Engineer: 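Got a structure here, written out as structure tokens. Questions coming.
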Protein chains: 2
Amino acid sequence: MSFFLRLTSACEVTILVTTVVMIVKQISTRFSMAVHILSLITLSPNEVTGDYIAGSVNTNPVVIRRIMGMLKKAGLVDVRPGVGGAFLLKEPEAITLLDIYHAVNVTEDNRLFGVHEDSNVRCQVGRNIESVLQSELSEAQSAMEQRLAQTTLSQLIARFN
Amino acid sequence: MSFFLRLTSACEVTILVTTVVMIVKQISTRFSMAVHILSLITLSPNEVTGDYIAGSVNTNPVVIRRIMGMLKKAGLVDVRPGVGGAFLLKEPEAITLLDIYHAVNVTEDNRLFGVHEDSNVRCQVGRNIESVLQSELSEAQSAMEQRLAQTTLSQLIARFN
DNA sequence: TGAGATATAACCACTTTGGTTACAACTAAT
DNA sequence: ATTAGTTGTAACCAAAGTGGTTATATCTCA
């Protein structure tokens with residue numbers, strides 16, 4: 001992408017670049033890994049390191065650190081660089097699956113369903129489909145998220161054998 | 001991204017560059033396009049061709065044909081090769097958004113959430129996380145799908161202006 | 001200062017997606 | 001029968017996300 005600007009006087013330029021990408025066959029396993037990570041932190045008597053967590057999740061430590069960074073940014077955990085170890089910033093009774101879902105999915109637009117745009121407005125369907133369908137799909141998304149919000153980290157852990 | 005600035009005379013220039021990049025991961029627009037296609041077929045007095053639909057959706061006809069093939073395989077429509085035109089195989093009152101959602105196969109193995117596998121079984125969390133989380137996520141997926149099942153094609157169309 | 005940990009950049013192979021071109025097969029009208 | 005218009009696919013493409021990997025810088029405590 002390139003811009004050619006010729007300025008003849010003092011001015012102020014605002015460039016807004018919006019990129020929207022839509023790809024999801026399945027919601028990323030980052031979510032389930034994040035739940036795994038938080039479960040470990042909750043259950044361990046000592047603070048756990050990224051390498052230890054990687055051993056339990058069975059993946060590369062960098063993958064764990066990437067997710068830990070998101071959980072940290074979301075205010076769910078604090079991680080100590082250098083000495084190592086992480087701890088919860090909220091009680092496991094106060095952390096829901098929805099909190100974790102939001103932490104790792106980084107959906108600024110917070111929309112599960114992609115809806116095609118630029119339909120032909122000269123057609124009745126094209127004029128209406130986007131808004132009508134979007135409101136309907138938002139309801140479906142809400143139903144899913146409300147179900148996630150009903151389960152807390154502590155409730156999940158309580159079901160472990 | 002690159003900027004090329006050519007100044008024709010000495011002048012003071014203030015440039016404010018605001019870059020907003022939104023990356024949104026969403027369920028494929030195949031789903032919304034499929035709803036668009038079925039709406040057109042329902043509303044049109046004559047049978048509509050793929051090219052006509054492509055004009056309303058504002059995309060390439062092959063994209064439409066691909067989705068029509070999925071709807072055909074799901075038993076929702078019949079398409080006449082050669083002469084062209086498609087018609088519903090079920091009444092629009094009997095087609096729900098969930099039917100269309102399933103027809104276009106937007107999720108893998110009918111599971112919305114991906115869950116990491118091969119966790120370390122020697123760890124309590126690793127032993128339990130997959131089954132416990134999977135059952136919880138199935139509930140959330142179900143909540144979403146049940147909401148989609150509540151809306152029929154005819155109800156959606158009734159909201160068009 | 002050294003050991004061990006986190007943070008991050010860079011790169012990789014793989015996959016889905018939406019779009020596109022090309023071409024074969026089909027149907028009805030002429 | 002020929003022809004025009006349509007559907008059905010195959011093949012290819014660029015863009016983007018994902019999970020993994022290596023390498024390096026930074027941080028903390030003993």
Side-chain angles (χ1 to χ4, degrees), chain A residues 1 17-34 36-37 41 46-55 57-73 77-87 104-107 113-119, chain B residues 1 21-34 36-37 41 46-55 57-73 77-87 104-109 113-119:
Chain A
M1 192 188 324
V17 179
T18 305
T19 306
V20 179
V21 182
M22 292 171 267
I23 296 174
V24 153
K25 195 73 176 179
Q26 274 188 336
I27 288 173
S28 168
T29 56
R30 270 205 310 275
F31 177 33
S32 67
M33 288 189 192
H36 191 145
I37 292 169
I41 295 175
N46 311 319
E47 289 159 11
V48 290
T49 68
D51 277 33
Y52 174 78
I53 296 176
V57 175
N58 199 19
T59 185
N60 191 291
V62 177
V63 175
I64 299 300
R65 281 183 229 144
R66 270 205 287 247
I67 298 172
M68 298 259 281
M70 295 181 182
L71 298 176
K72 190 177 175 180
K73 191 174 290 183
V77 303
D78 199 15
V79 186
R80 298 190 308 173
V83 58
F87 52 91
V104 296
N105 260 280
V106 207
T107 46
F113 295 91
V115 174
H116 62 290
E117 299 174 354
D118 305 318
S119 290
Chain B
M1 195 188 320
V21 179
M22 258 191 333
I23 297 185
V24 183
K25 292 147 288 187
Q26 297 173 319
I27 287 172
S28 168
T29 56
R30 270 206 310 275
F31 178 32
S32 67
M33 288 188 192
H36 191 145
I37 292 170
I41 296 176
N46 311 319
E47 288 158 12
V48 291
T49 69
D51 277 33
Y52 174 78
I53 297 175
V57 175
N58 199 19
T59 185
N60 191 292
V62 176
V63 175
I64 299 300
R65 281 182 231 149
R66 272 205 285 246
I67 298 173
M68 299 260 280
M70 295 181 182
L71 298 176
K72 191 177 174 181
K73 191 174 290 184
V77 302
D78 198 16
V79 186
R80 297 189 310 173
V83 58
F87 52 90
V104 294
N105 195 23
V106 284
T107 58
E108 183 183 322
D109 199 20
F113 295 91
V115 173
H116 63 290
E117 299 173 355
D118 305 318
S119 290

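Bear in mind the structure is a predicted one, so any value in this text is a computation, not a measurement. So you know, we letter chains A, B, ... as the sequences are listed, proteins then strands, and number each from 1.
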Engineer: Output the rounded distance in Å from CD (B:Glu108) to P (D:dT18).
Structural biologist: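 These atoms are roughly 14 Å apart.
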Engineer: C:dG19 C1' sits how many Å from A:His116 NE2, rounded?
Structural biologist: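 Nearest whole value for this atom pair: 15 Å.
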Engineer: Starting at atom CD1 of A:Ile37, determine the distance to atom P of D:dG19, rounded to an integer number of angstrom.
Structural biologist: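 Computing the A:Ile37:CD1 to D:dG19:P distance gives 12 Å.
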Engineer: Flag the pair A:Val104 / A:Lys73 as yes when at least one side-chain heavy-atom distance between them is below 4.5 Å, and no otherwise.
Structural biologist: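 Not touching, per the 4.5 Å side-chain cut-off.
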Engineer: I'd like to check B:Met68 versus B:Ile53 (side-chain heavy atoms, cut-off strictly below 4.5 Å). Are they in contact?
Structural biologist: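 Of all side-chain heavy-atom pairs linking B:Ile53 with B:Met68, at least one is under 4.5 Å.
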Engineer: Separation of B:Glu47 atom CD from C:dT27 atom P, in whole Å?
Structural biologist: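 Distance check: B:Glu47 CD to C:dT27 P gives 14 Å.
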Engineer: Which pairs, protein N/O on one side and nucleotides 5-9 of chain D N/O on the other, fall under 3.5 Å?
Structural biologist:
residue, atom, partner, partner atom, Å
D:dG5, N2, B:Gly82, O, 2.9
D:dT6, O4', B:Gly82, O, 3.3
D:dT7, OP1, B:Gly50, N, 3.0
D:dT7, OP1, B:Gly85, N, 3.4
D:dT7, OP2, B:Gly50, N, 3.2
D:dG8, OP1, B:Lys72, NZ, 2.7
D:dG8, N7, B:Arg65, NH1, 3.1
D:dG8, O6, B:Arg65, NH1, 2.9
D:dT9, O4, B:Arg65, NH1, 3.2

Engineer: Could you tell me how far apart A:Ile53 (CD1) and C:dA5 (C1') are, to the nearest whole angstrom?
Structural biologist: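 Roughly 12 Å, once rounded to whole Å.
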Engineer: Would a 4.5 Å heavy-atom cut-off, applied to side chains only, mark A:His116 and B:Val57 as touching?
Structural biologist: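 Touching, per the 4.5 Å side-chain cut-off.
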Engineer: Test your reading of the model: is there a side-chain donor-acceptor pair from A:Thr29 to the backbone of B:Gly114, 3.5 Å cut-off?
Structural biologist: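 Such a contact is absent between A:Thr29 side chain and B:Gly114 backbone.
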Engineer: Does B:Thr29 have a side-chain nitrogen or oxygen under 4.0 Å from the phosphate oxygens OP1 or OP2 of C:dG18?
Structural biologist: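 Checking B:Thr29 against C:dG18: at least one side-chain N or O falls below 4.0 Å of OP1 or OP2.
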Engineer: Whether B:Thr59 contacts C:dG18 is assessed here as follows: a side-chain N or O lying under 4.0 Å from the phosphate OP1 or OP2. Is that the case?
Structural biologist: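 Answer is no, no contact under 4.0 Å.
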Engineer: May I have the distance from B:Ile67 (atom CD1) to C:dG18 (atom C1'), rounded to whole angstrom?
Structural biologist: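 Distance check: B:Ile67 CD1 to C:dG18 C1' gives 9 Å.
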Engineer: Starting at atom CG of B:Asn60, determine the distance to atom P of C:dA22, rounded to an integer number of angstrom.
Structural biologist: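 About 12 Å, once rounded to whole Å.
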Engineer: Taking all non-hydrogen atoms of both residues, which atom of A:Ser119 and which atom of B:His36 are closest, and how far apart?
Structural biologist: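 The answer is OG-CE1, 3.5 Å.
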Engineer: Please check: side-chain N/O of B:Arg30 versus main-chain N/O of B:Asn105, any donor-acceptor pairing under 3.5 Å?
Structural biologist: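 Flag set: sc B:Arg30 to bb B:Asn105 pair under 3.5 Å.
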Engineer: Rounded to whole angstroms, how far apart are CG on B:Asp118 and C1' on D:dG20?
Structural biologist: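 Taking atom C1' of D:dG20 as the reference, CG of B:Asp118 is at 14 Å.
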